[in-house]
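In what follows, a single structure is set out as structure tokens and then discussed.
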Amino acid sequence: MATLPVPSAPGKPVNRVLPPQPLRSAVVIGGFTVLLYLVELVNSAFFHGSLASYGIVSHRVTGLPGVIWAPLLHVSWQHLFSNTLPVLLFGFLAMAIGVRQWVAVTVVIWLISGLGVWLTESTGVSTVGASGIAFGWLMFLLVRGIFNRSLKQLAVAVILLFYWGSALWGLLPNVDPEISWQAHAFGALGGLLSAWLVAMANRPARTAGKVVA
């Protein structure tokens with residue numbers, strides 16, 4: 001009876017820390033960031049910032065479409081500038097799972113963050129900004145190493161905590177009344193759920209490379 005190595009599952013290593021196609025991933029997250037800037041340019045040049053009122057308007061059925069549009073809108077250039085680096089860095093690193101799974105993760109974070117804001121924010125408040133998505137990607141990056149039992153991913157998490165740990169204060173209520181802690185908290189919840197779902201989906205890849213008789 002022959003003893004043969006089990007071929008590794010292509011494209012699904014559970015401990016990758018960088019995207020398998022860095023250039024493609026850079027183009028994707030760069031394109032998303034450019035879109036944010038184009039939306040803000042149109043908003044400031046043609047609508048005098050009024051598009052920000054079309055965000056997530058809590059507790060109102062007419063405010064539900066804002067769940068889709070709110071992460072693309074910002075109240076000012078400064079607001080957008082503050083979100084740019086987290087979006088670029090966290091979004092790029094989260095593509096270590098591949099662009100297709102990253103899209104699914106982003107959709108989960110996007111919806112959970114938006115619906116959480118709609119349910120829990122003060123009545124009638126319009127919430128906009130991409131920070132909820134960025135917090136979701138950050139939480140995804142922080143916990144995936146635990147689910148995957150990957151030392152490399154845990155090392156990346158430690159580095160992210162060192163540089164961005166203060167950002168986690170944004171998960172606490174009333175730290176800044178002008179910042180939606182709900183968007184951050186529910187985005188983080190979406191990232192946690194996404195990390196678990198991805199770990200479960202990729203679990204068979206952990207047996208790759210074992211030898212069977």
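As a basis for the values below, the full set of heavy atoms in this structure was taken, side chains included, without hydrogen atoms, waters or symmetry mates.
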Check: Asn43 side chain, Leu51 main-chain N or O, donor-acceptor pair, under 3.5 Å = yes
Closest non-hydrogen atom pair, Ser131 against Asn83 = CB-OD1, 3.5 Å
Shortest non-hydrogen pair, Val67 vs Ile56, comes out as N-CG1, 3.6 Å
From CZ (Phe90) to CG (Leu160), nearest 0.5 Å | 6.0 Å
Hydrophobic cluster membership, Val42 vs Val128, 4.5 Å side-chain cutoff | yes
Any link between Val143 and Met200 through a network of hydrophobic side chains (Ile, Leu, Val, Met, Phe, Trp, Tyr) touching at under 4.5 Å?
-> yes
Give a yes-or-no answer on whether the side chains of Trp118 and Thr127 include a donor-acceptor pair shorter than 3.5 Å.
-> no
Considering all heavy atoms of both residues, which atom of Ser82 and which atom of Pro86 are nearest to each other, and what is their separation?
-> O-CD, 3.6 Å
Test side-chain contact (heavy atoms from CB on, under 4.5 Å) applied to Val87 and Ile133, step by step | CA-CA 8 Å; Val87 164; Ile133 309 298; over 6 Å; no
Cluster check Phe47, Leu38: I/L/V/M/F/W/Y, side chain < 4.5 angstrom = no
Flag, side chain of Ser122 to backbone of Val125, donor-acceptor distance under 3.5 Å | no
When rounded to the nearest 0.5 Å, the distance separating CD of Gln153 from CZ of Arg16 is 10.0 Å
Would you check if the side chain of Ser126 reaches a backbone N or O of Val57 as a donor-acceptor pair within less than 3.5 Å?
-> no
Does some side-chain heavy atom of Leu80 sit less than 4.5 Å from a side-chain heavy atom of Leu36?
-> yes
After noting the C-alpha distance and the side-chain angles of Leu189 and Phe135, does the key distance pass the side-chain contact (heavy atoms from CB on, under 4.5 Å) rule?
-> CA-CA 9 Å; Leu189 178 62; Phe135 263 86; over 6 Å; no
Do the non-hydrogen side-chain atoms of Tyr37 and Thr84 ever get within less than 4.5 Å of each other?
-> yes
Indicate if Phe140 and Val158 have the same hydrophobic cluster label, given that clusters are the connected sets of ILVMFWY residues with side-chain heavy-atom separations under 4.5 angstrom.
-> no
Distance from Ser58 atom OG to Leu64 atom CG, nearest 0.5 Å?
-> 10.5 Å
Should Phe186 and Leu119 count as side-chain neighbours, where that means a heavy-atom distance under 4.5 Å?
-> no
Please name the pair of heavy atoms, one in Ser150 and one in Asn15, separated by the smallest distance, quoted to 0.1 Å.
-> OG-CB, 3.1 Å
Any side-chain heavy-atom pair of Ile146 and Leu154 under 4.5 Å = yes
Backbone N/O of Leu73 and side chain of Glu40: donor-acceptor pair under 3.5 Å = no
Rounded distance (nearest 0.5 Å) linking atom CG of Leu93 with atom CZ of Arg144 | 7.0 Å
Considering all heavy atoms of both residues, which atom of Ala52 and which atom of Val75 are nearest to each other, and what is their separation?
-> CB-CG1, 4.2 Å
Show your working on side-chain contact (heavy atoms from CB on, under 4.5 Å) between Val99 and Ser25 and close with a plain yes or no.
-> CA-CA 7 Å; Val99 173; Ser25 298; 4.2 Å; yes
Would you check if the side chain of Trp110 reaches a backbone N or O of Ile68 as a donor-acceptor pair within less than 3.5 Å?
-> yes
Quick one: pull up OH in Tyr54 and CG in Leu72 and give me the separation to the nearest 0.5 Å.
-> 15.5 Å
Looking only at atom types and distance, does a side-chain atom of Trp137 sit under 3.5 Å from a main-chain N or O of Val105, one as donor and one as acceptor?
-> no
Hey, does the side chain of His59 reach the backbone of Glu121 with a donor-acceptor pair shorter than 3.5 angstrom?
-> yes
Any side-chain heavy-atom pair from Phe32 and Thr106 closer than 4.5 angstrom?
-> no
Trp181 side chain reached by Thr120 side chain, heavy atoms, under 4.5 Å | no
Could you state whether Val34 and Val27 fall into the same hydrophobic cluster, counting links through intermediate Ile, Leu, Val, Met, Phe, Trp or Tyr residues with side-chain heavy atoms under 4.5 angstrom apart?
-> no
Would you give the length of the straight line joining atom OG of Ser113 to atom NE2 of His184, rounded to the nearest 0.5 angstrom?
-> 8.0 Å
Would a distance-only check, ignoring hydrogens and angles, find a side-chain to backbone donor-acceptor pair under 3.5 Å from His74 to Phe81?
-> no
